[in-house]
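All chains are named by letter (A, B, ...) in the order of the sequence lines, taking the proteins before the strands, and each is independently numbered beginning at 1.
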2 protein chains.
Amino acid sequence: MNTLSYATEHAVTAADKTFFQLRRDIVEGVIRSGAKLSETDLAQKYAVSRAVIREAISRLETCHLVERKANVGARVVALSPEGLVELYQVRESLEGMAARLAATHMTDAEIADLGALLDSHFQKVKSGDTYYQEAGDVDFHYRIVLGSKNGHLISMLMDGIYHLVRMYRVQLGMAGPRVTTAFDEHKHIVQAISNRDAELAEMLMRRHILYSKNNIQKKLTPTQLKP
Amino acid sequence: MNTLSYATEHAVTAADKTFFQLRRDIVEGVIRSGAKLSETDLAQKYAVSRAVIREAISRLETCHLVERKANVGARVVALSPEGLVELYQVRESLEGMAARLAATHMTDAEIADLGALLDSHFQKVKSGDTYYQEAGDVDFHYRIVLGSKNGHLISMLMDGIYHLVRMYRVQLGMAGPRVTTAFDEHKHIVQAISNRDAELAEMLMRRHILYSKNNIQKKLTPTQLKP
DNA sequence: ATAGCATTTATTGTCGACAATATTGCGTCA
DNA sequence: TGACGCAATATTGTCGACAATAAATGCTAT
């Protein structure tokens with residue numbers, strides 16, 4: 001499995017498939033940041049009609065991965081240091097709330113599972129498996145967001161924010177020395193949730209994301225962003 | 001700017017107009033909560049082709065005002081006590097962050113304007129103008145959200161959450177005795193922003209929204225929700 | 001009479017063509 | 001030579017028709 005498939009991409013219609021394909025290509029940088037999305041071009045390349053391309057682009061707009069202007073067209077969103085900051089501000093806010101809610105809404109079984117996940121993650125980290133560092137982190141956040149049991153929160157993060165976050169990570173070259181400290185932070189968050197301490201869970205999650213932002217931001221020099 | 005422009009409904013295309021019209025009709029309850037949105041019916045009623053109806057419905061879906069299932073169709077979102085709670089949880093989270101950011105990002109001029117707005121609001125409240133109670137509240141929150149200078153935050157609230165909030169308010173019969181206390185809360189928030197106290201601004205805003213939720217929730221008995 | 005299946009009907013998904021708008025390129029004029 | 005305006009071109013917006021899928025109806029068999 002080479003893609004981090006957290007969301008099950010169950011494509012039933014052609015527009016679904018095209019949307020998932022386009023989203024992948026944008027996040028992975030196959031379609032460059034800032035590039036124009038010509039409907040006719042894409043229709044040819046993906047061998048579908050313009051209608052399904054328009055549908056797909058429309059959904060990409062919902063994720064904030066592209067921006068569309070009437071009678072002009074759609075462009076892949078531009079990455080910028082300011083954009084990253086704004087993104088992480090929202091993430092801090094929403095995931096903080098998710099942790100707070102998870103502390104009261106997650107079942108004991110779910111919390112136990114989360115603890116087990118963390119243990120397995122710890123094993124992988126010790127063995128130096130860099131892939132699982134990323135995957136483990138994603139899984140962790142995913143579970144807490146789902147644990148909030150709040151549909152709005154879940155869809156905003158899963159369908160929107162996270163893809164943009166991943167786009168920044170991929171296109172700036174991810175992987176960092178923050179793994180072990182991040183793991184400790186995860187552990188403390190789970191502990192707070194396990195203690196049903198909503199207040200603390202939120203605070204720890206917000207700090208965790210703040211640190212994460214600072215870490216990414218450090219490698220973000222304007223020259224690294226290709227226009 | 002985006003196709004989903006903030007507040008000002010600048011419709012340039014037919015799909016824009018139809019989208020705004022449909023959104024109004026849904027929020028105001030002209031189209032009942034839970035109702036099915038037949039593409040062919042709407043195309044006839046609004047005198048446009050199915051393509052623009054589909055486009056409009058697609059945008060309504062991003063606002064979370066309708067839910068669509070593949071090969072089945074779209075329905076207006078159902079209102080429920082749980083939905084209201086979830087909605088206000090994300091509102092608390094996002095607007096709290098907005099207040100925090102506004103405290104550092106708003107200009108002195110903007111803060112002064114906000115203070116002036118509050119004064120005028122106070123005059124209207126004293127004279128018992130109930131319409132301005134609602135409008136004033138909306139204005140206040142808009143300004144702070146805009147003051148955050150965070151595009152994601154702004155679009156999430158302005159294009160999404162607020163319309164749903166309004167839908168709940170309208171369809172449950174708005175207006176409450178909370179006006180004067182809410183006004184005091186507004187005043188304290190502005191004071192915190194004026195002092196550039198981001199931490200306090202966030203906390204006060206979160207409490208303000210929490211109180212607001214409790215107030216609405218009190219009149220929300222299951223029988224008031226028409227299925 | 002009812003459960004299950006086939007057929008019919010209605011609704012959504014997809015397509016290609018045309019209309020409206022923006023962009024580009026050229027020519028003219030100061 | 002440069003700037004403005006008009007024509008040519010390309011791209012998006014809109015439309016009606018057809019295809020594919022789901023819902024409704026009726027038929028048959030037990």
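One interatomic measurement links the two molecules: OH of B/Tyr46 to P of D/dT14, which rounds to 16 Å at whole-angstrom precision. Atom CD in A/Glu61 sits roughly 14 Å away from atom C1' in D/dG13 (whole-Å rounding). The separation between B/Leu37 atom CG and C/dT12 atom P is 9 Å, rounded to whole Å. What separates CG of B/Leu42 from P of C/dT12 is a distance of 9 Å, to the nearest Å. Distance CZ (A/Phe19) to P (C/dG13): 15 Å, rounded to an integer number of Å. Rounded to an integer number of Å, the gap from B/Arg68 CZ to C/dT11 P is 17 Å. Nucleotide C/dT14 holds its C1' atom 12 Å from the CD atom of B/Glu39, rounded to whole Å. A/Lys69 has its NZ atom 14 Å from the C1' atom of D/dT11, to the nearest Å.
Partners of A/His186 by side chain to side chain donor-acceptor pair (under 3.5 Å), not counting sequence neighbours, listed by chain and number: A/Asp137, A/His208. In this structure, the ring-ring contact (aromatic ring centres under 6.0 Å, His included) partners of B/Tyr162, at least two apart in sequence or on a different chain, are B/Tyr142. Residues satisfying the side chain to side chain contact (heavy atoms under 4.5 Å, CB included) criterion with A/Ala11, sequence neighbours excluded, are A/Asp16, A/Lys17, A/Phe20. Remark: B/Glu67 engages no residue in a salt bridge (charged side-chain N to carboxylate O under 4.0 Å, His left out) (not counting sequence neighbours). Every side chain to side chain contact (heavy atoms under 4.5 Å, CB included) that A/Ser148 has, sequence neighbours left out, goes to A/Ala98, A/Leu101, A/Asn150, A/Leu153, A/Ile154. By the side chain to side chain donor-acceptor pair (under 3.5 Å) test, B/Ser38 is found to be paired with B/Thr40, residues two or more places apart in sequence or in another chain being considered.
Sorted by first and then second residue, the pairs that involve residues 138-154 of chain B and meet salt bridge (charged side-chain N to carboxylate O under 4.0 Å, His left out), not counting sequence neighbours, are B/Glu110-B/Lys149. Note on residues 33-85 of chain B: pairs passing ring-ring contact (aromatic ring centres under 6.0 Å, His included), not counting sequence neighbours, are A/His152-B/His64. Pairs of residues two or more places apart, or lying in two chains, never qualify as ring-ring contact (aromatic ring centres under 6.0 Å, His included) while including a residue from residues 78-117 of chain B.
Nearest to the side chain of A/Thr40, among D/dC15, D/dT14, D/dT12, sits D/dT12.
The closest side-chain heavy-atom distance from B/Ile57 to B/Arg68 is below 4.5 Å. By the 4.5 Å heavy-atom criterion applied to side chains, A/Tyr168 and A/Leu79 are counted as neighbours.
Contacts between residues 49-58 of chain B and DNA chain C, defined by a heavy-atom separation below 4.0 Å, involve B/Arg50, B/Arg54, listed by number.
Phosphate contact (OP1/OP2 of D/dA22, side-chain N/O of B/Lys36, threshold under 4.0 Å): absent. Dashed line: the shortest gap from a side-chain N or O of A/Thr13 to OP1 or OP2 of C/dT12 is not under 4.0 Å.
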Next on the checklist: The test is salt bridge (Lys or Arg N to Asp or Glu O under 4.0 Å); show your working for A/Arg24 and A/Glu9 and say whether it passes.
Outcome noted: CA-CA 11 Å; A/Arg24 243 194 318 273; A/Glu9 300 181 359; 3.2 Å; yes
Would you list the protein and nucleotides 19-24 of chain C atom pairs, both N or O, that sit under 3.5 Å from each other?
none

Item to check | Canonical and wobble pairing (Watson-Crick, G-U, under 3.5 Å) of DNA chain C, dot-bracket with | | outcome: ||||||||||||||||||||||||||||||
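Comparing B/Asp41 and A/Ala47 by the nucleotide of DNA chain C whose heavy atom lies nearest to each, the residue mapping closer to the 5' end is B/Asp41.
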